[in-house]
Amino acid sequence: MLTLYIDFKSAASYLALEPTLELARETGIAIDWRPFSARPFSVPEKQSDETVGERHRRVRAAAQRDIHLHYAALQGRDMRFAETPAGSDAALAALAVMDGDPLSFLRAAFAAYWTEQMDLADETVVESLLHSVGIDRVDWGSARTKLAAIRTQAEESGIFEAPSYLIADQLFLGREHLPWIRSLIAAEQRD
């Protein structure tokens, strides 16, 4: 089992979706999708009196955004960064209590956030997405409680960002580790 912590507002999680699914198809490993709210990403505005540190953070964030856009183009994905990042907590709470295969919801939620800049913290927006993939209702109270419990457990396991992969008691941050994860899966399958 490969446990994957994601956040819909995480560009890296969005770009990890299809490569991770390909890994699962090729190896036959099941994925346990877990919600994890990451810090929202934004590029700070240039200030006339910014410090060296502020300039460094702004330039680095702009470069990271450009790298994400480059990889999105390579994957043939539409990706737009909103001026003001929206939230994702309602969608993450829905994922926390979802039974069965969440893939159609994952794709719908990522597309809603990254192509339409929908606010996935809005329960009405998320209910519409759920309905579009054939899920009728979510008990928001229990969903938010479960989301909080998953976050606590994740943080106790050392998770602090999304996407984070957990396999064979090893933690990996980011899709760039998929080749290493593939080798761990192969080793487990040989044993």
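- In Arg25, the CZ atom is crowded: over 12 heavy atoms of neighbouring residues, nucleotides or ligands sit closer than 6.0 Å.
- Residue pairs meeting the side-chain hydrogen bond (donor to acceptor under 3.5 Å, both in side chains) criterion with at least one partner in residues 126-136, sequence neighbours excluded, are Glu127-Trp140.
- Residue Glu188 holds its CD atom at 9.5 Å from CG of Leu2, rounded to the nearest 0.5 Å.
- Listed by chain and number, the residues in a ring pair (Phe, Tyr, Trp, His ring centres under 6.0 Å) with Phe110 are Phe8, Tyr14 (sequence neighbours excluded).
- Grouping Ile, Leu, Val, Met, Phe, Trp and Tyr by side-chain contacts under 4.5 Å, direct or through others, puts Tyr5 with Phe36, Ile150, Ile159, Leu166, Leu171.
- Note that CD1 of Ile167 and CD1 of Ile29 are 3.5 Å apart. Values are rounded to the nearest 0.5 Å.
- Counting only residues at least two apart or in different chains, salt bridge (Lys or Arg N to Asp or Glu O under 4.0 Å) contacts with residues 55-75 comprise Glu50-Arg58.
- Applying the side-chain hydrogen bond (donor to acceptor under 3.5 Å, both in side chains) test to residues at least two apart or on different chains, the pairs with a partner in residues 99-119 are Glu18-Arg107.
- Atom-to-atom distance recorded for Leu178:CG and Phe172:CZ is 10.0 Å, nearest 0.5 angstrom.
- Looking at heavy atoms from C-beta onward, Leu106 lies in side-chain contact with Leu95 at the 4.5 angstrom threshold.
- Every residue meeting the side-chain contact (heavy atoms from CB on, under 4.5 Å) condition with Glu26, not counting sequence neighbours, appears here in chain and number order: Glu22, Arg182.
- For the ring pair (Phe, Tyr, Trp, His ring centres under 6.0 Å) condition, no pair includes a residue of residues 49-80, sequence neighbours left out.
- By the side chain to side chain donor-acceptor pair (under 3.5 Å) test, Gln75 pairs with Arg77, sequence neighbours left out.
- Partners of Ala63 under the side-chain contact (heavy atoms from CB on, under 4.5 Å) rule, at least two apart in sequence or in another chain, do not exist in this structure.
- In this structure the side chain of Val126 never reaches within 4.5 angstrom of the side chain of Val138, judged on heavy atoms.
- Shown here are the side-chain contact (heavy atoms from CB on, under 4.5 Å) partners of Ala73, two or more places apart in sequence or in another chain: there are none.
- Atom-to-atom distance recorded for Leu103:CG and Ile31:CD1 is 8.5 Å, nearest 0.5 angstrom.
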Show me the donor-acceptor pairs within less than 3.5 Å that the side chains of residues 83-90 make with the rest of the protein, sequence neighbours left out.
unit_1, atom_1, unit_2, atom_2, d
Ser88, OG, Asp7, OD1, 2.5
Ser88, OG, Lys9, NZ, 3.1
Asp89, OD1, Ser37, OG, 3.3

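- Pairs passing the side-chain hydrogen bond (donor to acceptor under 3.5 Å, both in side chains) check and including a residue from residues 153-170, sequence neighbours excluded, read Thr20-Tyr165, Arg39-Glu161, Arg151-Glu155.
- Of the inter-residue distances, the one linking Arg34 atom CZ with Leu4 atom CG reads 10.5 Å to the nearest 0.5 angstrom.
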